[in-house]
Amino acid sequence: MPMDEDRAQWRDGAIMMTVGTEDEGGVIELLPVGSALYVIKEKATYVVKTADSIDPQRTNAKIPHVNQLFMKAGAQDELFIRTVLTAKVLFEKKQIYCPEAVLNALLEQVLLLASNLVAAQEIVRDYERDLKAAIAPGRKSSKGVLSLPAISGLENRVRSFHQKIEHSMQRLYRIWPAFYPQFPEERYFEGFAKSVAETYGPEDGFTAFSAALGEFARDVRNIRHCIEHEKGTQKLIVTDFSVTPDAQVIAPTIEVIHPQSPVPMVHLDHFMEGFLENAVTSVDLLLAHLASRADRHHFGFDVIVAPVPKEEGRRWKSSYGYFAVGEDGLVPFG
């Protein structure tokens, strides 16, 4: 039964709340997505839900407005800029002809994949901190005996890291169908790449990017198989600090054994950093390609999607933006 008017009156007034802590910096952006409001601070992002979004029929007067930490990254984080804020800039309603439900769904997927990438980034940073701490004391040796440093839980860290990367790629895959409903949803990103090539031709930049994205997504999937279905021809070899035959001490390494996606032995930090960078690049480039080919508003002059120059100092807080084509070059637009 709906609550009476007096009890519901507080829901109709203005909302004032404290979100997060002072050490997370100030509020930079507010991003409404569906019934939720994302509060983007300098170093963190929170999701705010009103009592009415939780209890739209107003059946319970005790339901409060709530806010909750969504991810430990915000407008100062390069990863966040290249994903969430780039999506916000490229898919604004003033730029794109697109149903609001589609734009909300896109932003929701980008927020979710970004939260996975931020979690993967935290795993990398924790490992790099532990690696530095393990190396700091130096080697202890006497009479032919060397005490090697060690880092605990390496295989579990790799498993957790890769899970976050794969989840982000699954979220990324859910973005494109709304813009290309004619493409068959099969064969994961490899199928998407084939459809892009058939639509735009082999020389188009979108075709080249989609092919590379398909290969990266395949490698991510195959490494998951190495973790979950290990066998002689499909496995990961993770090694802690070790000594080589020429008496060199090497930091932890990883090697991927797989017929399609082999990775020669490499330092573990380089492996994780490379996969994280490839995942983030996959996101901002796919967003840029989708926006550049979307049905956009026309303003009587050419407007294109292009990388935001470094000299702009990330003025827009995005990696890609809209630019008007002028006689003297590209002019920021929007």
Side-chain angles (χ1 to χ4, degrees), residues 31-34 36 38 40 45 47 70-71 73 79-120 163-200 204-221 224 275-296 305 307 318-322:
L31 180 60
V33 180
Y38 291 86
I40 300 170
T45 299
V47 59
F70 185 74
M71 71 176 92
L79 187 159
F80 192 88
I81 291 170
R82 294 174 62 188
T83 55
V84 176
L85 295 184
T86 294
K88 178 181 182 297
V89 167
L90 293 180
F91 292 92
E92 289 184 308
K93 287 187 290 186
K94 68 180 181 180
Q95 298 282 4
I96 299 283
Y97 278 121
C98 193
E100 186 169 352
V102 171
L103 296 179
N104 279 333
L106 180 146
L107 290 172
E108 182 177 17
Q109 293 300 328
V110 172
L111 281 158
L112 289 169
L113 72 82
S115 69
N116 276 288
L117 292 175
V118 167
Q163 182 185 64
K164 302 303 182 185
I165 295 295
E166 187 185 26
H167 287 176
S168 71
M169 295 303 294
Q170 291 172 353
R171 293 287 180 187
L172 187 63
Y173 184 72
R174 298 177 188 178
I175 289 176
W176 66 261
F179 296 89
Y180 291 96
Q182 73 275 23
F183 288 2
E185 294 185 45
E186 58 184 19
R187 292 183 53 224
Y188 201 37
F189 277 111
E190 295 100 320
F192 174 67
K194 180 181 178 181
S195 296
V196 170
E198 292 172 349
T199 302
Y200 296 105
D204 193 272
F206 196 9
T207 298
F209 162 72
S210 299
L213 176 59
E215 292 176 2
F216 176 64
R218 179 203 63 201
D219 291 344
V220 170
R221 181 188 57 212
R224 182 197 70 194
F275 265 80
L276 179 59
E277 174 58 29
N278 282 339
V280 176
T281 299
S282 297
V283 176
D284 69 358
L285 281 176
L286 181 60
L287 292 174
H289 281 292
L290 291 177
S292 67
R293 287 162 174 79
D295 187 10
R296 303 206 307 270
V305 175
S318 66
S319 54
Y320 285 84
Y322 290 101

query: What is the distance from atom NE2 of H167 to atom CG of L112, rounded to the nearest 0.5 Å?
result: 12.0 Å
query: Can you find a pair of side-chain heavy atoms, one from N278 and one from D219, that are under 4.5 Å apart?
result: no
query: CG/L213 to CD/E190 distance, rounded to the nearest 0.5 angstrom?
result: 9.0 Å
query: For T45 and A73, which heavy atoms make the closest approach, and how far apart are they?
result: OG1-O, 2.8 Å
- request: Can you see which heavy atom on A217 is nearest to which on Y188, and at what distance?
  value: CB-CE2, 3.8 Å
- request: Run the numbers on L117 and L276 for side-chain contact (heavy atoms from CB on, under 4.5 Å), then give the verdict.
  value: CA-CA 7 Å; L117 292 175; L276 179 59; 4.1 Å; yes
query: Below 4.5 Å, heavy atoms only, C-beta onward: do V110 and L172 meet side chain to side chain?
result: no
query: For the atom pair OG (S292) and OH (Y322), what is the distance rounded to the nearest 0.5 Å?
result: 8.5 Å
- request: Identify the heavy atoms of L106 and A87 that sit nearest to each other, and give their distance.
  value: CD2-CB, 4.2 Å
message: Could you check whether atom CD of Q182 has more than 12 heavy atoms from other residues, nucleotides or ligands sitting under 6.0 Å from it?
response: yes
field: Smallest separation among heavy atoms of V84 and A114, with atom names
entry: CG2-CB, 3.6 Å
statement: Looking only at heavy atoms, the pair that brings Y320 and S318 closest together is O-OG, 2.9 Å
task: Can you measure from CZ (F206) to OG1 (T199) and round to the nearest 0.5 angstrom?
output: 9.0 Å
Interatomic spacing from OG in S282 to CZ in F275 - rounded to 0.5 Å: 10.5 Å
For the student: nearest non-hydrogen atoms of A120 and I165, plus distance: CB-CD1, 4.1 Å
task: Could you tell me whether F179 and F91 have their ring centroids closer than 6.0 angstrom?
output: yes
query: Is any side-chain heavy atom of F80 closer than 4.5 Å to a side-chain heavy atom of L85?
result: yes
- request: Please collect all side chain to side chain donor-acceptor pair (under 3.5 Å) contacts where either partner lies in residues 101-112, sequence neighbours excluded, each pair once.
  value: Q109-R171
Let me have the donor-acceptor pairs involving side chains of residues 284-291, under 3.5 Å, with sequence neighbours excluded, atom names and distances please.
unit_1: D284; atom_1: OD2; unit_2: R82; atom_2: NE; d: 3.2
unit_1: D284; atom_1: OD2; unit_2: S319; atom_2: OG; d: 3.4
unit_1: H289; atom_1: ND1; unit_2: R293; atom_2: NH1; d: 3.4

field: OG-CH2 distance between S210 and W176, expressed to the nearest 0.5 angstrom
entry: 10.0 Å
